Amino acid sequence: AQRVTQPEKLLSVFKGAPVELKCNYSYSGSPELFWYVQYSRQRLQLLLRHISRESIKGFTADLNKGETSFHLKKPFAQEEDSAMYYCALKFTGTASKLTFGTGTRLQVTL
Amino acid sequence: SQTIHQWPATLVQPVGSPLSLECTVEGTSNPNLYWYRQAAGRGLQLLFYSVGIGQISSEVPQNLSASRPQDRQFILSSKKLLLSDSGFYLCAWSAGSSPGELFFGEGSRLTVL
């Protein structure tokens with residue numbers, strides 16, 4: 001069965017410190033993975049997808065098939081990064097059915 | 001530009017009463033549509049999705065149903081609400097041109113008393 005695991009409910013870091021939000025998945029097919037973010041009082045929105053291999057707002061994520069992981073990283077945390085982060089796995093097929101993890105709240109403090 | 005509207009934003013209903021949450025998308029045609037429930041500590045759970053008018057796939061057996069009477073309209077319903085139906089419901093849409101990118105509505109908070 002497809003599953004996405006985010007082991008940390010809350011991650012608290014100081015401003016300027018590195019950030020790593022963990023995500024592990026289990027999926028029998030070829031995985032497509034995404035990170036979504038929800039800032040306070042805003043809608044849930046896509047942050048980045050693994051196939052794009054892009055850096056968004058300083059965040060990057062590398063798909064590691066050997067470790068079945070897709071951790072989200074940023075070298076220097078900013079206050080505005082405080083938000084709820086969800087890792088998601090897309091099912092194969094035409095619709096964009098996503099399985100989401102339980103989310104990690106990132107809290108960046110001064 | 002595309003927009004998604006979801007209403008009502010907040011709803012308090014007694015146990016056993018019916019439910020209707022509505023979602024409409026503007027600025028695009030033939031979107032894929034989704035209903036998710038967001039529960040604390042459980043993340044987002046996919047309830048229903050639709051790839052076209054009248055085509056509904058249910059992901060989780062439950063007390064709820066969904067319908068798509070028009071291309072850009074998606075409705076979440078229940079004939080008799082249970083206490084366990086309380087939660088935060090999110091509607092989303094996606095386009096075939098951008099797989100995996102969901103655009104979410106603002107959500108509807110349902111409290112069943």
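These numbers were taken from a predicted model, which means no experiment stands behind them. Below, chains carry the letters A, B, ... as their sequence lines are ordered, and counting in each starts from 1.
Shown here is E80(A), whose CD atom has more than 12 heavy atoms of other residues, nucleotides or ligands within 6.0 Å. Within a 6.0 Å radius of CZ in F76(A), other residues, nucleotides and ligands contribute 12 heavy atoms or fewer. Remark: E106(B) CD is loosely packed, at most 12 non-hydrogen atoms of other residues, nucleotides or ligands lying under 6.0 Å away.
The stretch residues 66-79 of chain B places none of its residues near chain A, where near means some heavy atom under 4.5 Å from a heavy atom of that chain.
The distance from the CG atom of L46(A) to the CZ atom of F104(B) is 9.5 Å, given to the nearest 0.5 Å. Considering CD of E101(B) and CG of L48(A), their distance stands at 11.5 Å, rounded to 0.5 Å. Between L102(B) atom CG and Y36(A) atom OH the span is 4.0 Å, to the nearest 0.5 Å. Between atom CD of residue Q45(B) and atom OG1 of residue T102(A) there is a gap of 13.0 Å, rounded to the nearest 0.5 Å.
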N/O donor-acceptor pairs under 3.5 Å from side chains in residues 9-20 of chain A, not counting sequence neighbours:
unit_1, atom_1, unit_2, atom_2, d
E20(A), OE1, K22(A), NZ, 3.0

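When L44(A), L33(A), I51(A) are compared by the number of non-hydrogen pairs under 4.5 Å with chain B, L44(A) comes out ahead. Interface summary for chain B: among E32(A), M84(A), R49(A), the most heavy-atom pairs under 4.5 angstrom belong to R49(A).
Residues Y34(B) and L110(B) are members of separate hydrophobic clusters, defined by side-chain heavy-atom contacts under 4.5 angstrom among Ile, Leu, Val, Met, Phe, Trp and Tyr. Follow the hydrophobic side-chain contacts under 4.5 Å out from L113(B) and you never reach Y89(B); the two are in separate clusters. The cluster map of Ile, Leu, Val, Met, Phe, Trp and Tyr, joined by side-chain heavy atoms under 4.5 Å apart, puts Y25(A) and V37(A) in the same cluster. By the criterion of side-chain heavy atoms lying less than 4.5 angstrom apart, applied directly or through intervening Ile, Leu, Val, Met, Phe, Trp or Tyr residues, Y85(A) is not grouped with F103(B); the two fall into different hydrophobic clusters. Under the 4.5 Å side-chain heavy-atom criterion for grouping Ile, Leu, Val, Met, Phe, Trp and Tyr, F100(A) is connected to L46(B) within one hydrophobic cluster.
Of the two parts of I4(B), the backbone and the side chain both hold a non-hydrogen atom closer than 4.5 Å to a non-hydrogen atom of chain A.
For the residue pair Y86(A) / Q38(B), a side-chain donor-acceptor distance below 3.5 Å is found, with atom types taken as modelled.
When all heavy atoms of K97(A) and Y36(B) are compared, the pair lying nearest together is C-OH, 4.4 Å. For the residue pair G100(B) and S96(A), the shortest heavy atom distance occurs at N-OG, 2.7 Å.
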